[in-house]
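Beneath this line is the structure, given in structure tokens, with notes to follow.
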Amino acid sequence: MLLTDILRNEWGFEGYVVSDEGAIEFIMLMHNYTKNMLETAVAAVNAGCNLELTFSLADNVFMKIKDAVMHGNITLETVKERLYPLFYTRMRLGEFDPPDMNPYSFLDLGSVQTQEHRDLAVEAAIKSFVLLKNIRDTLPLDLESIRGKRIGVIGPFADNPQELFGDYEPHPDPQYITTPKEGLAMLPVKIFFAAGCINAQCEKYNPNEIKEVVQSVDITIVCLGTGVSVETEGKDRVDLSFPGHQADLLRDAVGSAAGRPVILLLFNAGPLDVSWAQSSDGVQAILECFFPAQASGIAIAKTMVGADGVNPAGRLPVTWPARMQQVPPMENYTMHGRTYRYFGNQVPLYPFGYGLSYTKFYYSDLVVTHSSLQMCETLQLSVQVHNSGSRIGEEVRCGHSIFLSKLAPRLTIHKI
């Protein structure tokens, strides 16, 4: 019904269906729907699956297709129907073209880590950052004002390149990776470093080295989060808390700073409970970095000082609950409590789409064509967006990025 009746017949899909890795085997091994590989092949192919991504290349389910055809469980016509989209796709990729007609043939190792690609890695990282807090315009730091200052870069993510990449990532040559500590060291400042704990789990914590560094510097940048050692496929978190003693590290940093600026950088995938940091006057700014990968350090340094007009414009792709009580049980499939729209009178820590900027935007002159719509009818609206701040910036809403400078601060946006 799903792969054939709806996907192909009703929706007109002409591409191919590929399984997740091991999903075909799991029909037999985990779901116990079938008893052997032959039965599993029959069920998957007849349902509409074109391609198996398997755990085993030597002995997998789709190798039993030939036996299934011989036994009359799968018709030869069905096999041909499953093959057509696969060969059509290979043709579109140019696999059967002469090499000089295929642009991929001209790529070699010289195409890897070109300057253009490294610049793109910096841009991608910067555009993914979300500014969550920025009291008294702590960020961006004024480059001339911090010249020669002592900057403390602390935490398990401050100088650990392995923790800066997400799940299923390619690790590039180490020479192309910059950590937060290495990136900030490119600024005209003096860097002082302390990890506090050796990894994201932060089970063993050395508070003395953290306090010693923080007490000796002018500005402290705390690098905390989860990393793939804490959350990855097959490894889920059971709560929203910082792992191990990371929360203690942050509190010790704030206490030792004695009012001097503390900036929190977050490296994580899912939401974290940063309510204490959000409400504490001792944490002046919070920047969500996610997993910025190879260009982490450069992107963070440019964002910290607003170099080359950099201004965070990312928005949270998910709601961040304020506490575990707002997180529904995973086996509860109702919409209640699923997003901030269904929290009722409970307020999330950050709603979907939340994100600050170094400048301010003012919306005006909203025009909506219709007050009500019929099913499948198109809504048209327009609004004027004005950059009322002192910096250039991008305003990202509804999947659109609007670049507004101080010289040309107004733009009318039409949305359909």
Side-chain angles (χ1 to χ4, degrees), residues 1-20 23 27 31 33 43-51 78 81-82 84-86 88-89 92 127-128 130 132 269-271 288 290 313-322 325-357 361-387 393-404 410-416:
M1 181 182 70
L2 293 176
L3 299 186
T4 301
D5 296 343
I6 295 177
L7 182 65
R8 296 198 183 278
N9 299 338
E10 186 177 333
W11 292 357
F13 179 69
E14 296 180 351
Y16 67 93
V17 175
V18 58
S19 75
D20 192 9
I27 294 174
H31 301 291
Y33 181 75
V45 172
N46 285 335
C49 187
N50 301 90
L51 190 63
T78 298
E81 288 179 2
R82 300 297 176 264
Y84 290 149
L86 298 177
Y88 174 61
T89 302
R92 292 179 65 195
K127 288 190 172 182
S128 73
V130 181
L132 300 177
E288 171 59 73
F290 299 106
R315 300 292 182 263
L316 289 181
V318 294
T319 297
W320 281 34
Q325 288 75 12
Q326 291 183 347
V327 180
M330 287 304 297
E331 64 269 18
N332 179 359
Y333 282 78
T334 67
M335 286 306 297
H336 179 72
R338 284 294 164 191
T339 75
Y340 73 95
R341 295 176 58 194
Y342 301 94
F343 278 179
N345 57 2
Q346 301 182 63
V347 179
L349 182 61
Y350 305 115
F352 167 79
Y354 179 84
L356 305 176
S357 170
F361 296 99
Y362 176 72
Y363 284 66
S364 65
D365 303 325
L366 173 65
V367 177
V368 181
T369 55
H370 302 288
S371 58
S372 62
L373 294 175
Q374 300 296 323
M375 184 178 297
C376 297
E377 189 177 358
T378 299
L379 172 67
Q380 297 188 20
L381 59 86
S382 67
V383 64
Q384 283 222 351
V385 183
H386 175 223
N387 183 352
E394 290 182 273
E395 176 69 337
V396 178
R397 287 289 183 265
C398 301
H400 290 262
S401 178
I402 309 163
F403 180 81
L404 296 175
R410 291 186 181 272
L411 187 65
T412 301
I413 303 300
H414 298 276
K415 173 66 177 173
I416 298 179

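If you read the sequence from its start, that first residue is 1, and numbering goes on from there.
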Please identify each residue that fulfils side chain to side chain contact (heavy atoms under 4.5 Å, CB included) with [X], with sequence neighbours left out.
{"X": "L373", "result": "H370, E377, L379"}
{"X": "N9", "result": "T4, D5"}
{"X": "V318", "result": "P271, W320"}
{"X": "Y84", "result": "K80"}

Does any N or O in the side chain of [X] come within less than 3.5 Å of the main-chain N or O of [Y], such that one atom is a donor and the other an acceptor?
{"X": "R8", "Y": "G15", "answer": "yes"}
{"X": "E288", "Y": "F290", "answer": "yes"}
{"X": "R315", "Y": "A313", "answer": "yes"}
{"X": "E81", "Y": "G48", "answer": "no"}

Heavy-atom pair with the smallest gap, counting every atom of [X] and [Y]:
{"X": "P85", "Y": "E14", "answer": "CB-O, 3.9 Å"}
{"X": "S19", "Y": "C49", "answer": "N-SG, 4.2 Å"}
{"X": "S364", "Y": "V383", "answer": "O-CG2, 3.3 Å"}
{"X": "L3", "Y": "A47", "answer": "CB-O, 3.3 Å"}

Value rounded to 0.5 Å, distance of [atom1] in [X] from [atom2] in [Y]:
{"X": "Q346", "Y": "Q325", "atom1": "CD", "atom2": "CD", "value": "8.5 Å"}
{"X": "E394", "Y": "F361", "atom1": "CD", "atom2": "CZ", "value": "8.0 Å"}
{"X": "T319", "Y": "Y350", "atom1": "OG1", "atom2": "OH", "value": "13.0 Å"}

Can you confirm whether E10 is buried at CD, in the sense that more than 12 heavy atoms of other residues, nucleotides or ligands lie under 6.0 Å from that atom? yes
Considering residues at least two apart in sequence or located in another chain, which fulfil the side-chain hydrogen bond (donor to acceptor under 3.5 Å, both in side chains) criterion with S357? N311
Quick one: does L316's side chain get under 4.5 Å of L132's, heavy atoms only? yes
Can you list the residues that meet the salt bridge (charged side-chain N to carboxylate O under 4.0 Å, His left out) rule with R82, with sequence neighbours excluded? none
Show, in sequence, the C-alpha distance, side-chain angles and deciding distance for E395 and Y363, and conclude whether the side chain to side chain donor-acceptor pair (under 3.5 Å) test is met. CA-CA 11 Å; E395 176 69 337; Y363 284 66; 2.9 Å; yes
Please identify each residue that fulfils ring pair (Phe, Tyr, Trp, His ring centres under 6.0 Å) with Y16, with sequence neighbours left out. none
